[in-house]
Amino acid sequence: MIPDTAQARLDAIQDRIARAATLADRKPESVTLIAVSKTHDADAIRPLLDAGHRVFGENRVQEAAGKWPALREEYPGIALHLIGQLQSNKADEAVALFDAIHSVDRPSLVTALAKAIDRSGRRPDCLIQVNIGDEAQKGGCPVADLPALLAQARAATLPIAGLMCIPPQGVEPAPYFALLAKLSRDHDVAELSMGMSGDFETAVTIGATQVRIGTALFGERPPLEAQA
Ligand SMILES: *Cc1c(COP(=O)(O)O)cnc(C)c1O
């Protein structure tokens with residue numbers, strides 16, 4: 001059951017995060033809740049802002065550009081995370097709009113983002129998305145290519161903050177979260193963006209520092225076919 005006010009939904013999720021963190025002997029404040037507001041309009045988002053939440057995730061540059069500049073005028077201190085795939089020709093727009101980009105997954109995008117960052121002077125946190133199940137259709141850098149992509153990103157002085165993954169659907173996610181956590185230790189990056197509405201507690205016990213939660217905060221999204 002999803003409680004019926006934004007404040008209650010937020011409190012319930014924060015409680016669950018805190019409980020999972022405590023179980024794993026971690027501080028609840030070590031986990032950032034990214035409220036994934038994709039497909040939801042400003043009127044749906046405002047109650048969470050009014051409840052004090054400030055960290056949000058969007059998966060499309062265009063959609064985010066349409067709703068967040070006005071909300072930012074209204075509510076100071078918003079941090080916006082891009083969690084969806086990014087085309088290189090939108091790198092400038094993404095760097096201008098977002099405070100973190102979770103979907104860095106290929107050499108051409110590293111190059112485009114490095115240029116966009118140089119031009120703008122803005123330095124959003126960059127996370128490398130890892131295709132942790134090595135699935136054919138999925139975005140993300142193949143696990144085997146991660147060392148080379150990280151080396152390229154570091155040479156380009158991209159502000160690499162951590163790793164992100166979306167585990168395969170319909171199977172136990174814990175082994176995939178554990179693999180991402182191991183990769184983050186091996187490569188000495190701090191942030192671990194993993195865990196969604198269905199599995200965030202598992203992710204937190206395995207070390208997630210950022211969880212991306214949509215449905216459990218906003219309710220069900222319209223089916224993909226109905227989205228613009
Ligand atoms: C939509 C989305 C989420 C949120 O998913 P829920 O299951 O609604 O919590 C998290 N991460 C990414 C990359 C997404 O696209």
Side-chain angles (χ1 to χ4, degrees), residues 1-3 6 8-17 20 31-41 44-45 47-48 53 55-65 67-68 79-87 90 94 97-106 109 124-135 137-141 161-174 176-177 179-181 184 191-204 206-228:
M1 266 310 293
I2 295 185
R9 291 195 294 270
L10 201 51
D11 290 349
I13 299 292
Q14 292 285 21
D15 274 2
R16 289 169 62 187
I17 290 172
V31 185
T32 298
L33 167 58
I34 301 171
V36 176
S37 50
K38 65 188 186 193
T39 77
H40 299 289
D41 63 14
I45 296 169
L48 278 178
H53 197 72
V55 186
F56 290 84
E58 290 282 343
N59 69 336
R60 293 179 186 183
V61 176
Q62 238 40 62
E63 184 186 336
K67 57 191 187 194
W68 282 99
L80 206 53
H81 293 240
L82 177 65
I83 60 171
Q85 297 212 16
L86 177 59
Q87 291 168 261
K90 296 208 173 123
L97 187 60
F98 289 95
D99 303 291
I101 297 174
H102 292 229
S103 46
V104 182
D105 65 355
R106 58 194 188 279
L109 184 56
D125 280 350
C126 291
L127 287 82
I128 297 203
Q129 181 177 350
V130 181
N131 184 353
I132 201 74
D134 281 327
E135 295 173 277
Q137 314 279 351
K138 205 130 182 186
C141 150
L163 306 178
M164 178 272 221
C165 78
I166 307 170
Q169 283 204 324
V171 294
E172 169 57 48
Y176 298 98
F177 293 151
L179 176 56
L180 197 72
S184 80
E191 299 291 333
L192 268 179
S193 166
M194 58 189 196
M196 310 183 8
S197 290
D199 56 20
F200 67 90
E201 285 143 311
T202 302
V204 167
I206 296 170
T209 62
Q210 308 187 9
V211 293
R212 311 177 307 264
I213 298 182
T215 310
L217 280 170
F218 289 97
E220 292 291 337
R221 285 179 295 273
L224 271 181
E225 310 79 69
Q227 292 173 26

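Both counts, for ligands and for their atoms, begin at 1 and track the order of listing. In this chain, numbering begins with 1 at the start of the sequence shown.
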For [X], atoms of ligand 1 separated by under 4.0 Å from a heavy atom:
{"X": "Thr215", "result": "6 (P), 7 (O), 8 (O), 9 (O)"}
{"X": "Ser197", "result": "6 (P), 7 (O), 8 (O), 9 (O)"}
{"X": "Ile166", "result": "13 (C)"}
{"X": "Ile213", "result": "9 (O)"}
{"X": "Arg212", "result": "4 (C), 9 (O), 10 (C), 11 (N), 12 (C), 13 (C)"}

### ring pair (Phe, Tyr, Trp, His ring centres under 6.0 Å) partners for Phe177, two or more places apart
none

### Message
Would you say that Gln85 contacts Arg60 through its side chain, given a criterion of any heavy-atom pair below 4.5 Å between the two side chains?
### Response
no

### Message
Could you check whether any heavy atom of His102 sits closer than 4.0 Å to an atom of ligand 1, since that is the contact criterion I want to use?
### Response
no

Please list the nearest protein heavy atom to [atom] with its residue and the distance rounded to 0.1 Å.
{"atom": "atom 12 (C) of ligand 1", "value": "Ile83 CD1, 3.5 Å"}
{"atom": "atom 5 (O) of ligand 1", "value": "Met196 CE, 3.5 Å"}
{"atom": "atom 2 (C) of ligand 1", "value": "Lys38 NZ, 2.6 Å"}

### Query
Can an N or O of Asn59 be found at a distance shorter than 3.5 Å from an N or O of ligand 1?
no

### Message
Gly214 versus ligand 1: do any nitrogen or oxygen atoms come within less than 3.5 Å of each other?
### Response
yes

### Shortest non-hydrogen contact between Asn131 and Lys138, atoms and distance
ND2-O, 3.5 Å

### Summary
Here the pair of heavy atoms bringing Gly207 nearest to Leu192 is O-CD1, 3.5 Å

### Query
Should the pair Lys38-Glu58 be classified as a salt bridge under the 4.0 Å nitrogen-to-oxygen rule?
no

### Query
Given Thr209 and Glu191, is the side-chain hydrogen bond (donor to acceptor under 3.5 Å, both in side chains) satisfied, shown in steps?
CA-CA 6 Å; Thr209 62; Glu191 299 291 333; 2.7 Å; yes

### Message
Would Ile213 and Val36 count as a side chain to side chain contact (heavy atoms under 4.5 Å, CB included) here? Give the steps.
### Response
CA-CA 5 Å; Ile213 298 182; Val36 176; 5.7 Å; no

### Task
Hey, could you give me the CD1/CZ distance between Ile34 and Phe56, rounded to the nearest 0.5 Å?
11.5 Å

